[in-house]
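Counting from 1, the numbers follow the sequence of the chain as shown.
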Amino acid sequence: AADAKAGHTHYTSSLGYPELRQGIVDMYRDDYGLERSIDDVMVTTSGCHAMWLVMETLLDDGDEVLVIEPYFTPYPHQVRLARGVPVFVPTTKENGFQVTIADLEAAITPRTRAVIVNTPCNPTGVQWSREALEGIARVATEHDLVVVADDIYTLFTYREPFVPFASLPGMAERTVTIGSFSKDYLMTGWRIGFVAAPLALAKAVNKLQGQYTSGAGSISQKASVAA
């Protein structure tokens with residue numbers, strides 16, 4: 001309310017408030033030791049909006065995206081909205097819903113462009129092992145895939161610390177991180193997310209957002225700075 005009364009009710013940059021973007025940069029440095037530039041970070045109107053923006057930016061018509069099962073219900077629809085093709089990769093209860101290199105590679109075709117990583121996972125709650133993450137990293141490198149890391153539940157890790165996919169060796173340059181304030185900070189109604197990506201891709205995503213929403217809500221961004 002104080003921010004609204006102070007006049008923070010107007011359009012912001014399509015990238016978002018600098019202090020919020022810097023806060024996201026600081027969080028990655030302080031919590032995970034991951035250094036990144038403020039220029040690589042942009043604010044979106046929710047994590048779901050961020051995912052669609054990324055898909056629309058990455059995919060040509062008919063490009064395929066690996067979606068690891070079980071998955072957050074919107075993923076295949078977000079891929080299809082960008083005229084891509086979701087390709088499903090199975091996991092099993094018997095191995096704790098951990099994805100394997102064999103299953104990933106069996107799903108890859110010449111049209112595969114990206115793989116979505118979501119850990120801790122919605123709907124299972126499973127935190128993927130370091131071994132599984134490193135396996136995805138090897139497959140992504142060997143097949144020149146972009147990894148879209150949907151880092152929505154970073155504080156919901158209890159057995160071992162959360163590992164940002166972009167912090168794995170060699171992955172910063174091929175990982176697009178999607179974040180949200182909805183779950184970690186109980187801010188579902190504020191509709192704020194973000195994209196952190198290599199600079200060229202971040203710029204491309206921002207160009208798209210500028211034409212669709214102009215940017216995220218000013219008051220929601222100020223609340224996120226406080227969070």
Checklist line | Passing option when D63 is tested against R80, R111, R83 for salt bridge (charged side-chain N to carboxylate O under 4.0 Å, His left out) | finding: R111
Notebook entry, point to check: For the atom pair CG (D40) and CD1 (I24), what is the distance rounded to the nearest 0.5 Å?
Noted result: 12.0 Å
Note to self: Please verify the inter-ring angle class for F194 with F181; under 30° counts as parallel, over 60° as perpendicular, anything in between as tilted.
What the structure shows: perpendicular
Notebook entry, point to check: When you measure from the side chain of Q221 to the backbone N and O of G16, does any donor-acceptor pair fall under 3.5 Å?
Noted result: no
Checklist line | Joint hydrophobic cluster, V25 plus Y32, side-chain heavy atoms closer than 4.5 Å | finding: yes
Notebook entry, point to check: Can you tell if the side chain of E105 reaches within under 4.5 Å of the side chain of H143, non-hydrogen atoms only?
Noted result: yes
Margin query: Donor-acceptor pair, distance only, cut-off 3.5 Å: does the side chain of N118 make one with the backbone of D150?
Written below: yes
Check: When you check the side-chain N and O atoms of N122 and Y153, is any donor under 3.5 Å from an acceptor?
Finding: yes
Note to self: With clusters defined by side-chain heavy atoms of hydrophobic residues (ILVMFWY) lying less than 4.5 Å apart, directly or transitively, does I192 cluster with V41?
What the structure shows: yes
Notebook entry, point to check: When rounded to the nearest 0.5 angstrom, what is the spacing between CD1 in I152 and SG in C48?
Noted result: 7.5 Å
Check: Would you find a donor on one side and an acceptor on the other, under 3.5 Å apart, between the side chain of R113 and the backbone of L59?
Finding: no
Margin query: Quick check on the hydrophobic clustering: are V87 and V117 connected, directly or via other members, by side-chain heavy-atom contacts under 4.5 Å?
Written below: yes
Item checked: Closest heavy-atom pair and its distance - Q98, W128 -> OE1-CA, 3.2 Å
Next item on the list: Would you please test D103 and T91 for side-chain contact (heavy atoms from CB on, under 4.5 Å) and show each step?
Entry: CA-CA 8 Å; D103 287 332; T91 62; over 6 Å; no
Next item on the list: For atom CD of E173, decide whether the heavy atoms of other residues, nucleotides or ligands shown that lie under 6.0 angstrom number more than 12.
Entry: yes
Notebook entry, point to check: Using the ring of each side chain (for Trp, its six-membered ring), is F72 parallel, tilted or perpendicular to Y75, with breaks at 30° and 60°?
Noted result: perpendicular
Notebook entry, point to check: At what distance, to the nearest 0.5 angstrom, does OG1 of T154 lie from NZ of K183?
Noted result: 12.0 Å
Notebook entry, point to check: Hey, does Y28 have a side-chain heavy atom less than 4.5 Å from the side chain of D151?
Noted result: yes
Notebook entry, point to check: Would D39 and K203 pass as an ion pair if we require N to O under 4.0 Å?
Noted result: no
Notebook entry, point to check: What pair of heavy atoms forms the shortest contact from Q78 to M55, and how long is it?
Noted result: O-CB, 4.0 Å
Next item on the list: Would you mind checking if R130 and E134 are paired as a salt bridge, meaning a charged N to carboxylate O distance below 4.0 Å?
Entry: yes
Notebook entry, point to check: Can you find a heavy atom in the side chain of I116 that is under 4.5 Å from one in the side chain of Y71?
Noted result: no
Item checked: Derivation and outcome, side-chain contact (heavy atoms from CB on, under 4.5 Å), residues V79 and E64 -> CA-CA 8 Å; V79 173; E64 297 173 356; over 6 Å; no
Check: Under a 4.5 Å side-chain heavy-atom rule over Ile, Leu, Val, Met, Phe, Trp and Tyr, are L208 and V148 clustered together?
Finding: yes
Note to self: Side chains of S218 and Y17, heavy atoms from C-beta outward: is any pair under 4.5 Å?
What the structure shows: yes
Check: Are the side chain of E19 and the backbone of V225 linked by a donor-acceptor contact shorter than 3.5 Å?
Finding: no
Next item on the list: Determine whether more than 12 heavy atoms belonging to other residues, nucleotides or ligands lie under 6.0 Å from atom CD of E160.
Entry: yes
Margin query: With rounding to the nearest 0.5 angstrom, report the CD to CD1 distance, E142 to I101.
Written below: 7.5 Å
Notebook entry, point to check: Under 4.5 Å between any side-chain heavy atoms of F156 and D184, yes or no?
Noted result: yes
Next item on the list: Compare all side-chain heavy atoms of L53 with those of H49 and state whether any distance is below 4.5 angstrom.
Entry: yes
Next item on the list: Search all heavy atoms of V99 against all heavy atoms of I136 and return the closest pair with its distance.
Entry: CG1-CD1, 3.7 Å
Next item on the list: Measure the shortest side-chain to side-chain distance between L201 and L58 over non-hydrogen atoms and say whether it is less than 4.5 angstrom.
Entry: yes
Check: Between CZ of F97 and CD of E69, what distance do you get to the nearest 0.5 Å?
Finding: 10.5 Å
Checklist line | Gap separating the CD atom of Q127 from the CZ atom of R159, nearest 0.5 angstrom | finding: 9.0 Å
Next item on the list: Let me see the working for I108 and L145 under side-chain contact (heavy atoms from CB on, under 4.5 Å), right down to the final yes or no.
Entry: CA-CA 10 Å; I108 290 174; L145 306 182; 4.2 Å; yes
Notebook entry, point to check: Minimum heavy-atom separation for S224 to M187, with atom names?
Noted result: OG-CE, 3.6 Å
Check: What are the two closest non-hydrogen atoms of A204 and T57, and how far apart are they?
Finding: CB-CG2, 3.6 Å
Next item on the list: Keeping the roles fixed (side chain from T44, backbone from S46), state whether a donor-acceptor pair exists under 3.5 Å.
Entry: yes
Note to self: Starting from F88, can I reach M51 by hopping between I/L/V/M/F/W/Y residues whose side chains sit under 4.5 Å apart?
What the structure shows: yes
Notebook entry, point to check: With side chains defined as the heavy atoms from C-beta onward, is the minimum distance between T177 and F165 less than 4.5 Å?
Noted result: no
Note to self: Side chains of T92 and N95 only: does a donor on one sit below 3.5 Å from an acceptor on the other?
What the structure shows: yes
Note to self: The test is side-chain contact (heavy atoms from CB on, under 4.5 Å); show your working for L155 and F162 and say whether it passes.
What the structure shows: CA-CA 7 Å; L155 299 185; F162 175 76; over 6 Å; no
Note to self: If I compare all heavy atoms of T112 with all of A107, which pair ends up nearest, and what's the gap?
What the structure shows: OG1-O, 4.1 Å
